[in-house]
Amino acid sequence: MKAVRIGANGGPEVIHVEDVETPTPGAHEVRVKNAACGVNFIDTYHRTGLYKIALPSGLGQEGAGVVDAIGEGVTQFKVGDRVAYCSGPIGAYSEQHVVREDRAVPLPQAISFDVAAASVLKGMTARYLLRKTFRVERGHTVVIHAAAGGVGQILVQWAKHLGATVIATAGSEAKVELVKSLGAHHTIVSTREDIAKRVREITNGVGADVVYDGVGKDTFEASLDSLKPLGMLVIFGNASGAAPPFNPLILSQKGSLFLTRPTLGHYTSTREALDETAKDLFAVLERRTVKIAPPTHYKLADAAQAHRDLEARKTTGSLVLVP
Ligand code: NDP
């Protein structure tokens, strides 16, 4: 079968497609024939080495398709079941991928493989960020950075549905227009406006209850300065680089703020938590409370181009590889 591999850390040029032996599922594992594989910003961190992985390696952690083989002792799935997965092992950019049965989720008939690959990792992230890390309720004001991106588009729609006032930032006028069409109440062009100043203006000097920041380095200061006293900064990504080390006293000086750096794996580490998270996500997708824009498709052989486009801020919504 064909699989995307890297032999060394580096730019997108280290990505190539190889013919590899089709994997056999071990005990409590299922093999998924991928109909679509999700591309996520975290895949670029694995490629560059920002997040260390053993090399050589495959890439990608998200896919959707049909179970085409099961290992010994599998009880939750059978051959032919529609499934999605997003929590490893790395190597999802491939025609077939083996995952532990307790890391796969059954995919409802109403959700296509394409939409699943575009939204399972990103949507489960949005779900834990909005329902667990900081529980967004009616009346809250939330700031969402990179709101036209894959996670961002889901966050905007879901936060609005929960009754929050949504202030969304994006890197260009065109992206801001897109974010408005998703229902954001206020928008900020992050590349030319002073984010914290604008958030203060919009909130009549009060600040936001929570900032969801997947951009990291470039927005860290502005995010802290956008919060009201006792507000929470949720840094969940490093699209512009990792947020710098800093003195916790700053949190006190800026209003006894809360800061967290969460990751999906910790919020879905048990079968129960994974199922609960997926159930909530599939419910908002099926009700069309959250709509997933048609993803941009790439062939497996064009995975390097997908990474280039994602890192160059050229994309909106989700990217999907079609094996
Ligand atoms: P996106 O589609 O959001 O792409 C990243 C976006 O970040 C870009 O489109 C761009 O939007 C913005 N950005 C700002 N500065 C830069 C820069 N210097 N280089 C590149 N992009 C920049 O990606 P995803 O939806 O896949 O992921 C969004 C974030 O969420 C990532 O940081 C990712 O790591 C994180 N994440 C974290 C998870 C967790 O559990 N902690 C799980 C899933 C994702 P614009 O031009 O509008 O600024």
Side-chain angles (χ1 to χ4, degrees), residues 11-12 37-48 50-51 59-62 86-88 92 117-134 143-158 167-180 182 184 187-193 195 211-220 222-223 233-243 260-269 273-274 277 281 290 292-293 295-296 306-321:
C37 317
V39 177
N40 290 284
F41 221 94
I42 190 172
D43 308 338
T44 71
Y45 310 148
H46 291 143
R47 193 204 72 224
T48 61
L50 178 67
Y51 294 175
L59 274 182
Q61 349 195 102
E62 180 178 33
C86 68
S87 39
S119 67
V120 167
L121 192 150
K122 297 170 185 77
M124 293 218 272
T125 299
R127 191 273 181 182
Y128 86 75
L129 292 174
L130 296 168
R131 307 312 290 140
K132 294 283 181 186
T133 308
F134 181 100
V143 175
I144 297 167
H145 291 314
V151 178
Q153 290 199 19
I154 302 174
L155 281 174
V156 168
Q157 297 174 76
W158 206 331
I167 304 175
T169 83
S172 69
E173 308 285 347
K175 287 186 179 182
V176 154
E177 286 311 312
L178 171 62
V179 167
K180 278 186 195 158
L182 298 173
T187 52
I188 300 172
V189 183
S190 53
T191 42
R192 69 164 174 77
E193 294 189 274
I195 295 173
V211 176
Y212 290 111
D213 186 345
V215 172
K217 184 162 145 276
D218 289 359
T219 43
F220 178 64
S223 295
L233 171 52
V234 183
I235 300 202
F236 66 97
N238 330 278
S240 67
T260 182
R261 177 55 178 91
T263 195
L264 176 63
H266 295 134
Y267 283 87
T268 54
S269 61
L274 181 68
T277 310
L281 172 65
V290 171
I292 304 298
T296 308
H307 277 216
R308 276 187 202 102
D309 292 347
L310 189 59
E311 290 173 295
R313 305 169 75 165
K314 284 187 182 160
T315 64
T316 58
S318 298
L319 284 58
V320 156
L321 303 180

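All residue numbers refer to positions in the sequence shown, counting from 1. All of these numbers come straight from a predicted model, not from anything done at the bench. Numbering of ligands and ligand atoms starts at 1, following listing order.
- Heavy-atom contacts of L310 reach the following atoms of ligand 1: 2 (O), 4 (O) (cutoff under 4.0 Å).
- The protein atom (non-hydrogen) at minimum distance from atom 19 (N) of ligand 1 is A239 O, 3.1 Å.
- Judged by distance alone, with hydrogens and angles left aside, the side-chain atoms of E62 form a donor-acceptor pair with the main-chain N or O of V120 at under 3.5 Å.
- A donor atom on one side chain and an acceptor atom on the other are not found under 3.5 Å apart for T125 and Y267.
- Nearest protein heavy-atom neighbour of atom 42 (C) of ligand 1: T125 OG1, 3.1 Å.
- At a heavy-atom distance under 4.0 Å, no atom of H266 approaches ligand 1.
- How far CE of M124 is from CD1 of I154: 11.0 Å, rounded to the nearest 0.5 Å.
- Using a 4.0 Å cut-off to heavy atoms of G237, the atoms of ligand 1 that qualify are 32 (O), 34 (O), 35 (C).
- In this structure, the protein non-hydrogen atom closest to atom 2 (O) of ligand 1 is G150 N, 2.9 Å.
- Residue pairs that meet the salt bridge (Lys or Arg N to Asp or Glu O under 4.0 Å) test with at least one member in residues 307-320, sequence neighbours left out, are R47-E311.
- One option in A242, G317, G214 has a heavy atom closer to atom 29 (C) of ligand 1 than any other, and that option is G214.
- Scanning F236, Y212, Y128 for the heavy atom closest to atom 40 (O) of ligand 1 points to Y128.
- In summary, the side chains of S190 and H145 do not present any donor paired with an acceptor at a separation below 3.5 Å, with no hydrogens or angles considered.
- Distances below 4.0 Å separate heavy atoms of N238 from the following atoms of ligand 1: 32 (O).
- In terms of heavy-atom proximity, I195 sits nearest to I188 at O-CD1, 3.9 Å.
- Here the protein heavy atom with the shortest distance to atom 25 (O) of ligand 1 is V151 N, 2.8 Å.
- Of the protein's heavy atoms, A146 CB, 3.8 Å lies nearest to atom 12 (C) of ligand 1.
- Per-residue contacts place R261 under 4.0 angstrom from the following atoms of ligand 1 (heavy atoms of the residue considered): 41 (N).
- The option from G149, G265, S240 that lies nearest to atom 18 (N) of ligand 1, judged by heavy atoms, is S240.
- Using a 4.0 angstrom heavy-atom cutoff, P262 counts as in contact with ligand 1.
- Atom 23 (O) of ligand 1 has F41 CD1, 3.7 Å as its closest protein atom, hydrogens excluded (heavy atom only).
- Judged by distance alone, with hydrogens and angles left aside, the side-chain atoms of S318 form a donor-acceptor pair with the main-chain N or O of A118 at under 3.5 Å.
- The closest donor-acceptor contact from the side chain of S240 to the backbone of K217 lies under 3.5 Å.
- Looking at V215, N40, L121, L50 and measuring to atom 43 (C) of ligand 1, the nearest heavy atom belongs to L121.
- Proximity of a side-chain donor or acceptor of S223 to a complementary backbone N or O of V211 within less than 3.5 Å is not detected.
- Selection from K122, E311, R313 by nearest heavy atom to atom 16 (C) of ligand 1 gives R313.
- Looking only at protein heavy atoms, the nearest one to atom 9 (O) of ligand 1 is K175 NZ, 3.5 Å.
- Of all the atoms in ligand 1, the ones that sit under 4.0 Å from a non-hydrogen atom of L264 are 39 (C), 40 (O).
- A donor-acceptor pair under 3.5 Å is absent between the side-chain atoms of N40 and the main chain of I42, judged by distance alone.
- No donor-acceptor pair under 3.5 Å is formed between the side chain of T260 and the backbone N or O of V234.
- Heavy atoms of K314 come nearer than 4.0 angstrom to ligand 1 in no pair at all.
- Taking every heavy atom of both residues into account, K175 and A148 meet most closely at CB-CB, 3.8 Å.
- At the top of the distance list for atom 47 (O) of ligand 1, counting protein heavy atoms only, stands G171 N, 2.7 Å.
- Every atom of ligand 1 with a heavy atom of A170 under 4.0 Å away is listed here by number and element: 47 (O).
- Applying the 4.0 Å criterion to heavy atoms of Y45 picks out, from ligand 1, the atoms 31 (C), 32 (O), 33 (C), 34 (O).
- Minimum interatomic distance between C86 and L264 (heavy atoms only, all atoms of both residues): SG-CD2, 4.1 Å.
- Put simply, no part of Y267 is less than 4.0 Å from ligand 1, judged by heavy atoms.
- Under the rule for a ring-ring contact (aromatic ring centres under 6.0 Å, His included), the partners of Y45 that lie at least two apart in sequence or sit in another chain are F41, Y51.
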